[in-house]
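To start, the structure under review is shown below, and the notes come after it.
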Protein chains: 2
Amino acid sequence: MRVDARKNYDCLLAVASEVFADQGADASLRDIARKAGVGLGTLYRHFPTREALLETVLRASFEALAERAKVLERSDSADEALLAWMQETTEFTYSQRGIIALMMDAIEDTDSELHASCVMLRAAGTALLTRAQAEGKARDDLNGAELFDLIAALAWLREQPSHASRADRLFDIVAGAVLKDRGDV
Amino acid sequence: MRVDARKNYDCLLAVASEVFADQGADASLRDIARKAGVGLGTLYRHFPTREALLETVLRASFEALAERAKVLERSDSADEALLAWMQETTEFTYSQRGIIALMMDAIEDTDSELHASCVMLRAAGTALLTRAQAEGKARDDLNGAELFDLIAALAWLREQPSHASRADRLFDIVAGAVLKDRGDV
DNA sequence: TGACAAAATGGAGCGGTGCTCCGATTATTC
DNA sequence: GAATAATCGGAGCACCGCTCCATTTTGTCA
């Protein structure tokens, strides 16, 4: 890659990261190009789709979440590990409003640049769920896809302004549906 | 209202109803005006906002759902009544994809034309919940706002193509979190 | 019936979006 | 230093929501 191309690429990534965090995943790409001092064509050549740009911006976060799941798998408490990961995952998607809807689209769209990341995340969650089930901490009639749906629903709720004050309550309610025999949380 | 105005108003409503059901709540208003054989300005005078148009299109459905809640309140089984209403409400929002997000916005925005309808719906659900709680069928630490959030989350999930095959399962899981002591459903 | 005011119309226009395409520019190589 | 290939950036297209107002239609009243 030519040095000028590299510079623009890096600059676009930095600006996009900021703008997406600030305005959500549906921020104007034209705006990102402008703020990066770059033409729109340049943005589109480096990142042919919005998903491609988002994937690159968020790849590190995705991998961190997957890595975090691996660490939590080695923790003492299988149920608390699962809960912690669910919490961290919903909080991550909240930091990039709008991305959970794209992820739901991407997880079954093998053409999407976000596809691999979503599949990886779902697998990471499934591992934690399976372990919790093996220890009798999570309900057995639940699979990874369903867990992912529940997390997505919580993440979507968290994006709704009117829901803000009840976010923690709803998380507990859904968590209670995933785990079993917890008594009062 | 002048007869020509009345004709356009009715025509717009009929077309909008069809288009919203077909393309979702974010359909192009220009497209609706075009299909109704009417200028864009005419649409905007009759319905100053997208919410106003949606509210008018869906008012009957909103009222039917509230009325349905009243009927269910007189049924034998409080828990089954609550479940049935939750089911019918999520199915209604599914018939107008995208509307649940608008409703979540509207429920705390007193300026929105959808506000009154949303408040009414939430109250209808709250009544069913309260009754179920009084009979010991629903968990006590849940209020109407939280129930509305859960329904909204289910409705949003239902809109996601990747989720389709698990819609019923997820409904049962969430239903299980709302009711108590049901054993196997 | 004919004139006139009020009501209603509809589309041009504004600023924004995503996305494509290509002439101009710049970096690299020989 | 010239040739070449990579890169750039913005004009252009079709769309969006929304406003504004010259024009047309309707209803009323003499």
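Not measured: the values here are computed from a predicted model. These numbers come from the heavy atoms of this one structure, side chains and all, not from hydrogens, waters or symmetry mates.
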Let me know the distance between [atom1] of [X] and [atom2] of [N], rounded to the nearest Å.
X	N	atom1	atom2	result
B:R30	C:dT17	CZ	P	16 Å
B:N8	D:dT24	CG	P	17 Å
B:R45	D:dT23	CZ	C1'	13 Å
B:D26	D:dC18	CG	P	13 Å
B:D4	D:dT24	CG	C1'	10 Å
B:L53	D:dC18	CG	C1'	14 Å
A:L43	D:dT7	CG	P	15 Å
B:D10	C:dA8	CG	P	14 Å

Do the side-chain N or O atoms of B:H46 get closer than 4.0 angstrom to the phosphate oxygens (OP1, OP2) of C:dA8?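 No, B:H46 has no side-chain N/O under 4.0 Å of OP1/OP2 on C:dA8.
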D:dG9 phosphate, OP1 or OP2: any side-chain N/O from A:T42 under 4.0 angstrom?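 True: A:T42 side-chain N/O within range (under 4.0 Å) of D:dG9 OP1/OP2.
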Candidate nucleotides [options], ranked by approach to the side chain of [X] - the nearest:
X	options	answer
A:S28	C:dT17, D:dT19, C:dC19	C:dT17
B:V3	D:dT26, C:dG18, D:dG9	D:dT26
A:L40	C:dT20, C:dT28, D:dG9	C:dT20
B:A5	D:dC16, C:dT17, C:dA8	C:dA8

So what does B:A36 touch, heavy atoms closer than 4.0 Å: a base, only the sugar-phosphate, or nothing?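 Answer is nothing: B:A36 stays at 4.0 Å or more from every strand.
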Report which part of the nucleic acid B:L29 touches: base, sugar-phosphate, or nothing (heavy-atom distance under 4.0 Å, all strands).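 Touches sugar-phosphate only.
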Which residue, B:R2 or B:T49, contacts DNA chain D at a nucleotide closer to its 5' end, judged by nearest heavy atom?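 Going by which nucleotide is closer to the 5' end, it is B:T49.
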Is it true that A:D172 and A:R169 have a side-chain N and a carboxylate O under 4.0 angstrom from each other?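 No salt bridge links A:D172 with A:R169.
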More than 12 heavy atoms of other residues, nucleotides or ligands under 6.0 Å from CG of B:D168: yes or no?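 No.
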Set out, in order, the CA-CA distance, both residues' side-chain angles and the distance that settles side-chain hydrogen bond (donor to acceptor under 3.5 Å, both in side chains) for B:E80 and B:S75, then state yes or no. CA-CA 9 Å; B:E80 279 174 21; B:S75 75; over 6 Å; no
Between B:R50 (side chain only) and B:A25 (backbone N and O only), is there a donor and an acceptor less than 3.5 Å apart?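 The answer is yes, because a donor-acceptor pair under 3.5 Å joins these two groups.
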With B:S28 as reference, evaluate B:I32, B:D26, B:D31 under the side-chain contact (heavy atoms from CB on, under 4.5 Å) test and give the passing residue.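 Only one option passes, and that is B:D31.
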